Amino acid sequence: MTKPIQPSQTTAYYVQAVVSFGIALTAMTVAVIYLPAAGWVRAFLALGLIYLVTSTVTLSKVVRDRQELSVVTTRVDQARLDKLLAEHDPFRVDV
């Protein structure tokens, strides 16, 4: 009666996301290192890059957790409805 859990993403999509993140992080790191500016400017930009990466990881975890919570809530509600429908007998007469 319940619907099986469907995978939300393919392996190719996961690999593409990881590779894209790695390329972007590497490109930004190389750009900050070879930037023709004073050392303190490069350090400030590197700190900003680290902050952006950690914020991105935190945001993705929060979005994932919120989505998983909504799925769990929906599945619990669906299980309750399935139980009520299974126990319901429309032809039962209470005396």
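Nothing here was measured: the structure is a model prediction, and the numbers come from that model. Atoms considered below: every heavy atom in the structure, side chains included; atoms not considered: hydrogens, waters and symmetry mates.
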Between CG of L52 and CE of M28, what distance do you get to the nearest 0.5 Å? 8.0 Å

For Y14, the side-chain contact (heavy atoms from CB on, under 4.5 Å) test, sequence neighbours excluded, returns Q9, V18

For E68, I'd like to know if atom CD has over 12 heavy atoms of other residues, nucleotides or ligands within 6.0 Å. yes

Excluding sequence neighbours, so at least two apart, what forms side-chain contact (heavy atoms from CB on, under 4.5 Å) with V63? L59

Between L45 and L49, is a side chain to side chain contact (heavy atoms under 4.5 Å, CB included) present by the stated rule, with each step listed? CA-CA 6 Å; L45 291 175; L49 178 63; over 6 Å; no

Minimum heavy-atom separation for R42 to I33, with atom names? CD-O, 3.5 Å

Look at the side-chain heavy atoms of Ile, Leu, Val, Met, Phe, Trp and Tyr, link any pair under 4.5 Å apart, and say whether V53 and I50 land in one connected group. no

I need the T56 OG1 to K61 NZ distance, nearest 0.5 Å. 13.0 Å

If hydrophobic clusters are built by linking Ile, Leu, Val, Met, Phe, Trp and Tyr wherever their side-chain heavy atoms come under 4.5 Å apart, do L25 and V57 end up in the same one? no

